[in-house]
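The block underneath contains the structure these notes are about, expressed in structure tokens.
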Amino acid sequence: MEKTGYDLKEAAKLLESAGVHLAGIAGDVMLADYLLVPEQKHGLDDLGKRYLDHPLGTALGEEAQLTWALDSLLAEKLEENGVTGVYRDIELPLVPVLADMERAGIAVDVSALQALSTELGARLAEEEKRCHALAGQEFNVASTQQLAEVLFEKLGLKGGKRTKTGWSTDADTLDKLREEHALPGAILAWRELSKLKGTYVDALPPAVNPKTGRIHTHFRQAVAATGRLSSNDPNLQNIPVRTEEGRRIRRCFVAAPGHVFLSCDYSQIELRILAHYCGDGPLCESFRNDEDIHRRTASEIFGVMPGLVTPDMRRAAKAINFGIVYGMGAFRLANDLRISRTEAQSYIDGYFARYPQVRAYMDGAIARAREKGYAETLYGRRRPNQGLDAKNPMDRAGAERIAINTPIQGTAADLIKLAMVRVHADVAGTSARLLLQVHDELVLEVPEGDVKEVAERVRAAMEGVATLCVPLKVDAGWASTWDAAH
DNA sequence: CACTAGTGCAA
DNA sequence: TATTGCACTAGTG
């Protein structure tokens, strides 16, 4: 349970058990978080103190009573801020959905995790020995300070990036040092195992609730500036998936007996939203034709027929598509692709030459945010966006990236939240239930025999949640582990 | 025990 | 010198 801050769903659950129908509570907390500047929040704290000896007694009760009392005040502020619709149509209906998901929880195979922990522990000890041997001394491999001393002073390797306190030892830096010495590679291997063991394998079993035998994460509705959910205690939105070792952890998430996990994820939702904002052009065309988007981008940038796009060209195009959504610069693209800045800039120039509508979207997004003082999603969610006229170019560029990214990432958040409400209603009364949301993915637990039918219903709900100028596409998969459902 | 810094996991 | 998060360990006070 949260120790600080307002917790909407806990409050809603508590009041529900007390027989009080208070779906509004959660939304009210949203309002406080979204709309009130810090000075106003002090007012909330003062008001909250008046409820400290309420019969419900618990911290949750206090919060619940507080938020209930704030209803009219907050409704007014919602209206003033133009976000009544987001509150009423998206956030409020989502509250009971999230409460159900948290109550449902998800099962992990604790024995498998414990076996994995033992294995990783042994391998970590080996890797640690190897690091010490390569360094010619013992040191704390987990200490960036000690590691930097060994790499850059004792071994005389050339440092790359700087941090506030010295030379960086991050993965990118170590990867570039692999040719110079064997130690950087050994450190990277140790770090991968250490990350998996410490953050996931050893952390998940203690998170299992002894009463339910399942892990009940907590979804925060009013944390992310763009309107995304966040997950904590434990965070189930960053379970590894990219490496084989990481996927071994995902395999420890297991469906209940007789059930399977159904994973439904939006395909390229952020680029589709960008295409929608663009209105026309090759981005829209390729989505309408259900083309391989990165291949098409490569074809456009490098001026070759789609069939002649090489893997390297597609990889570069993918990095560009990824970066476009965030307002990337040539520096970062060059670093990612291990090419020169000049070359990276020519890729970016080539992109905008073929995708002028994307440039127009970016310019328009910045202009609108500058005019209004906030960035806005398709459904009217707002994020304050000051700094677009800052004199410092770095500050200004940062504000511009927010102006560009927020309507995209935030609209994706709006869409999946709406979809969640529909899916929840659609499976109500059946044995299927929503368990997790991971930004563009919904994970359900479904009786094995029903999965095909449920998959189609979830797909229809997700794809039909809005009609944009390009179709929304959902990929669905199912299996008895989360990993295999992908 | 609270806090910052560095690092790395996900979309 | 790319967006949004959460959480680990080391190190400091």
Side-chain angles (χ1 to χ4, degrees), chain A residues 4 139-148 161-175 187-188 190-204 207 217-243 245-247 249-250 265-271 274 319-337 341 344-345 348 362 375 383 385 393-395 397-410 412-413 416 436-442 482 486:
Chain A
T4 58
F139 68 104
N140 184 346
V141 182
S143 164
T144 53
Q145 201 175 303
Q146 294 178 37
L147 175 61
K161 287 182 287 192
R162 307 268 329 190
T163 66
K164 278 183 187 177
T165 56
W167 294 104
S168 173
T169 67
D170 68 13
D172 191 53
T173 302
L174 295 184
D175 193 48
I187 296 289
L188 286 169
W190 181 89
R191 282 203 182 146
E192 184 188 2
L193 301 183
S194 174
K195 179 67 160 187
L196 296 179
K197 183 172 188 287
T199 304
Y200 304 104
V201 175
D202 290 346
L204 290 173
T217 189
H218 188 84
F219 289 105
R220 294 190 166 192
Q221 207 172 346
V223 168
T226 53
R228 275 187 171 186
L229 297 178
S230 79
S231 157
N232 69 341
D233 195 27
N235 182 357
L236 294 186
Q237 289 181 321
N238 74 340
I239 301 301
V241 70
R242 292 176 193 186
T243 68
E245 292 290 351
R247 284 191 291 275
I249 292 165
R250 249 176 215 242
D265 66 287
Y266 280 115
S267 167
Q268 303 291 353
I269 186 149
E270 294 197 345
L271 284 175
L274 175 60
I320 290 172
N321 278 331
F322 192 62
I324 285 295
V325 173
Y326 303 138
M328 165 190 62
F331 185 97
R332 175 66 188 264
L333 183 64
N335 194 50
D336 273 15
L337 295 177
R341 264 192 81 173
Q345 189 60 56
I348 293 174
M362 291 176 161
R383 176 184 186 181
N385 194 182
M394 279 237 289
D395 293 347
E400 288 175 353
R401 288 194 292 271
I402 284 173
I404 292 166
N405 175 259
T406 298
I408 299 174
Q409 190 182 121
I416 196 165
L436 300 177
Q437 185 252 45
V438 191
H439 309 307
D440 65 357
E441 173 190 13
L442 298 181
W482 190 5
H486 274 260

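Chain identifiers are assigned alphabetically (A, B, ...) following the order of the sequence lines, protein sequences preceding nucleic acid strands; residue numbering begins at 1 within each chain.
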| said: With the threshold set at under 4.0 Å for non-hydrogen atoms, list the residues of residues 234-243 of chain A touching DNA chain B in residue-number order. | reply: A:Q237, A:N238, A:I239, A:P240, A:V241, A:R242
| remark: Contacts of A:D175 meeting side chain to side chain donor-acceptor pair (under 3.5 Å) (sequence neighbours excluded), chain-then-number -> A:R178, A:R338
| said: Base, sugar-phosphate or nothing for A:E192? Non-hydrogen atoms, less than 4.0 Å. | reply: nothing
| message | Expressed as a whole number of angstroms, how long is the span from A:D175:CG to B:dT7:P? | response | 14 Å
| What is the nucleic acid contact for A:R383, judged by heavy atoms within less than 4.0 Å: base, sugar-phosphate only, or nothing? | sugar-phosphate
| Separation of atom NE2 in A:H486 from atom P in B:dA10, rounded to whole Å | 11 Å
| said: Apply side-chain hydrogen bond (donor to acceptor under 3.5 Å, both in side chains) to residues A:H486 and A:R247 and explain how you reach the verdict. | reply: CA-CA 11 Å; A:H486 274 260; A:R247 284 191 291 275; over 6 Å; no
| message | Looking at A:T217 and A:N232, would you say the former's side chain and the latter's main chain have a donor-acceptor pair under 3.5 Å? | response | yes
| remark: From CZ of A:R191 across to P of B:dG6 the rounded distance in Å is 13 Å
| request: Just jot down the salt bridge (charged side-chain N to carboxylate O under 4.0 Å, His left out) partners of A:R341, sequence neighbours excluded, or say none. | output: none
| query | On a whole-Å scale, what distance lies between the P atoms belonging to B:dA5 and C:dT1? | reply | 16 Å
| What is the nucleic acid contact for A:R332, judged by heavy atoms within less than 4.0 Å: base, sugar-phosphate only, or nothing? | base
| Looking for any heavy atom pair under 4.0 Å, which part of the strands does A:V325 touch: base, sugar-phosphate only, or nothing? | nothing
| field | Gap between atoms CG and C1', on A:D440 and B:dA10 respectively (whole Å) | value | 10 Å
| note | Residues passing the salt bridge (charged side-chain N to carboxylate O under 4.0 Å, His left out) test with A:K195, sequence neighbours excluded, are none
| query | With a non-hydrogen cut-off below 4.0 angstrom, is A:A413 in contact with a base, only sugar-phosphate, or nothing? | reply | nothing
| For A:D336, all residues meeting salt bridge (charged side-chain N to carboxylate O under 4.0 Å, His left out), sequence neighbours excluded | A:R332
| In whole angstrom, what separates A:K197's NZ from B:dG8's C1'? | 17 Å
| said: Tell me the interatomic distance from A:Q437, atom CD, to B:dA10, atom P, rounded to whole angstroms. | reply: 17 Å
| Base, sugar-phosphate, or nothing: which does A:K195 touch, judged by heavy atoms less than 4.0 Å apart? | base
| said: The criterion is salt bridge (charged side-chain N to carboxylate O under 4.0 Å, His left out); which residues satisfy it with A:D170, sequence neighbours excluded? | reply: A:K161
| query | Rounded to whole angstroms, how far apart are CG on A:D172 and P on B:dC9? | reply | 13 Å
| task | With heavy atoms under 4.0 Å as the rule, sort A:E441 into base, sugar-phosphate or nothing. | result | nothing
| ring-ring contact (aromatic ring centres under 6.0 Å, His included) involving A:F322 - partner list, sequence neighbours excluded | A:Y326
| task | Give a yes/no on whether any side-chain N or O of A:T169 is located under 4.0 angstrom from OP1 or OP2 of B:dT7. | result | yes
| task | Please report, rounded to the nearest Å, how far the P atom of B:dA11 is from the CZ atom of A:F219. | result | 14 Å
| request: Indicate whether OP1 or OP2 belonging to B:dT7 is found under 4.0 Å from a side-chain N or O atom of A:S168. | output: yes
| request: Scan A:N335 against the nucleic acid and name what it touches under 4.0 Å (heavy atoms): base, sugar-phosphate only, or nothing. | output: nothing
| note | Residues at least two apart in sequence or cross-chain that pass side chain to side chain contact (heavy atoms under 4.5 Å, CB included) with A:A344, listed by chain then number, are A:A330, A:L333, A:A334, A:I339
| query | If you look at every strand shown and take non-hydrogen atoms under 4.0 Å, does A:A334 touch a base, only sugar-phosphate, or nothing? | reply | nothing
| Just checking A:G198: base, sugar-phosphate only, or nothing, at a heavy-atom cut-off of under 4.0 Å? | sugar-phosphate
| How would you give the extent of chain A contacts on DNA chain C, as first and last nucleotide 5' to 3' within a 4.0 Å heavy-atom cut-off? | C:dT1 to C:dG11
| request: Give a yes or no answer on whether the side chain of A:T406 reaches the backbone of A:I402 with a donor-acceptor pair at less than 3.5 Å. | output: yes
| task | State whether a side-chain donor-acceptor pair under 3.5 Å links A:H439 with A:Q409. | result | no
